[in-house]
Amino acid sequence: MKPFESVGMTALLLVVGGCGSQIATASFPQTTMPVLLGPVDRIGGGAPMQIVGEEYFAGSSLAFVSTSTTDNGTTRTTTVRRETRGPGYLAEKLRLEFEARPNWDMRVTRLTANGECAMMDSVQSAYVYVKGNIVAVKKGGK
Amino acid sequence: MRLASWIGALILATVGAGCAGGHAHIVAQSATVPVSLSEGVRGPEGDLVPAANQEKVGEFNYDFLAWNMLWDMVPLTGTRDISDEINGQVKAVGGEAIVNLQVTSENCNTWNAMTIVSIFPGCTKAIIKGDIIRRRGVSAQVAATNPQQAK
């Protein structure tokens, strides 16, 4: 590529850009512990169930790609780093931390969808962050 | 290297690292039914409703774009309350709860020259899906009498 073409391509990239699409999904598949967004803790609603214990959970699903290139004059090397954490990661994390607690629920206190491109698209990411209180509920304590 | 060169390099690194994107906090503060990101949901007495006792009566779907400006520092969308969409879609199919809620974040932004000068908003698409269910054996009419939903 001639120098002026290279400059032209760079200018085009700067103007048009183009963030590669990264997709991250948060969910808790095959998990029986309720992971509640919102104030209603059971079908039918009513006064909230009594909370008798509390712990915390935080995790995120993620899709991340970074690209870097080195050129020593004779060899050009491009390194691509990818990291992906899907819904299964969140479910497994929840299971490992709070397994076998039938009377515990998670009350989501933060659910954030985020996507970013940086450094002229050499870093692209999407993530969904989930944070919540793990609460022990007393059945019939409504 | 002269001081001016260092300053120039610092400015270049700063604008080069500038990111385009968006984020939004998703809440459902006035949802009238339980909304769960798992298959777990409790019945009126506080017992878990087994998956086998959940009848899927519809799908919840909602998406929106979350916008930010100034290298993602100024949120234009901020917090999005999806309560109205939840209440409306659940009521329309006679449901009692939403389970298996999925929240997906997908880049829609573009890193470009405007990112350097920070005035072009970036965005992220948030896609929210879930299963609208009611307990087996409960009719849509009974589900609609839920005192919370009747509000």
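Each chain gets a letter, A, B and so on, in the order its sequence line appears, and its residues count up from 1.
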Among B/A51, B/S83, B/S36, which residue has the highest count of heavy-atom pairs closer than 4.5 Å to chain A?
B/S36
If you look at every heavy atom in A/D41 and B/R42, which pair is closest and at what distance?
O-CB, 3.9 Å
Counting heavy-atom pairs under 4.5 Å to chain A, which of B/G130, B/A66, B/S105, B/G40 comes out on top?
B/S105
Where on B/Q29 is there a heavy atom nearer than 4.5 Å to chain A: the side chain, the backbone, both, or neither?
backbone
List for me each residue that meets salt bridge (Lys or Arg N to Asp or Glu O under 4.0 Å) alongside B/D84, sequence neighbours excluded, and say none if there are none.
none
Atom pair OG1/CD of B/T124 and B/E106 - distance to nearest 0.5 Å
9.5 Å
What part of B/L48 is in contact with chain A, defined as an atom under 4.5 angstrom from a non-hydrogen atom: side chain, backbone, both or neither?
side chain
Most contacts with chain A, counted as non-hydrogen pairs under 4.5 angstrom, among B/S30, B/P50, B/A28, B/A126
B/A28
Hphob cluster co-occupancy, A/V128 + A/L36, side-chain heavy atoms under 4.5 angstrom
no
Bottom line for B/D47: the part with an atom under 4.5 Å from chain A's heavy atoms is both
Please round to the nearest 0.5 Å and tell me the distance separating atom CZ of B/F64 and atom CD1 of B/I127.
10.5 Å
Answer yes or no: are there more than 12 heavy-atom neighbours, outside A/Q30 itself, under 6.0 Å from its atom CD?
no
Looking at CD1 of B/I82 and CD1 of B/I128, how far apart are the two atoms once the value is rounded to the nearest 0.5 Å?
4.0 Å
Set of side chain to side chain donor-acceptor pair (under 3.5 Å) partners for A/D71, sequence neighbours left out:
none
Mark yes when over 12 heavy atoms from residues, nucleotides or ligands other than A/R110 sit less than 6.0 Å from its CZ; otherwise mark no.
no
What residues of residues 82-94 of chain A make heavy-atom contacts with chain B at a cutoff under 4.5 angstrom?
none
If the condition is salt bridge (Lys or Arg N to Asp or Glu O under 4.0 Å), which residues does A/K131 pass it with, not counting sequence neighbours?
none
May I ask you to name which of A/P34, A/A63, A/S27 has the most heavy-atom pairs under 4.5 Å with chain B?
A/P34
Determine whether the side chains of A/T74 and A/N72 contain a donor N or O and an acceptor N or O closer than 3.5 Å.
yes
Side chain, backbone, both or neither: which part of B/R135 has an atom under 4.5 Å from a heavy atom of chain A?
side chain
If one checks every heavy atom of B/V27 against chain A at 4.5 Å, the contacting part turns out to be backbone
With chain B, the option among A/A126, A/G38, A/P39 that has the most non-hydrogen atom pairs under 4.5 Å is A/P39
Heavy-atom proximity to chain B below 4.5 Å, by part of A/Y127:
backbone
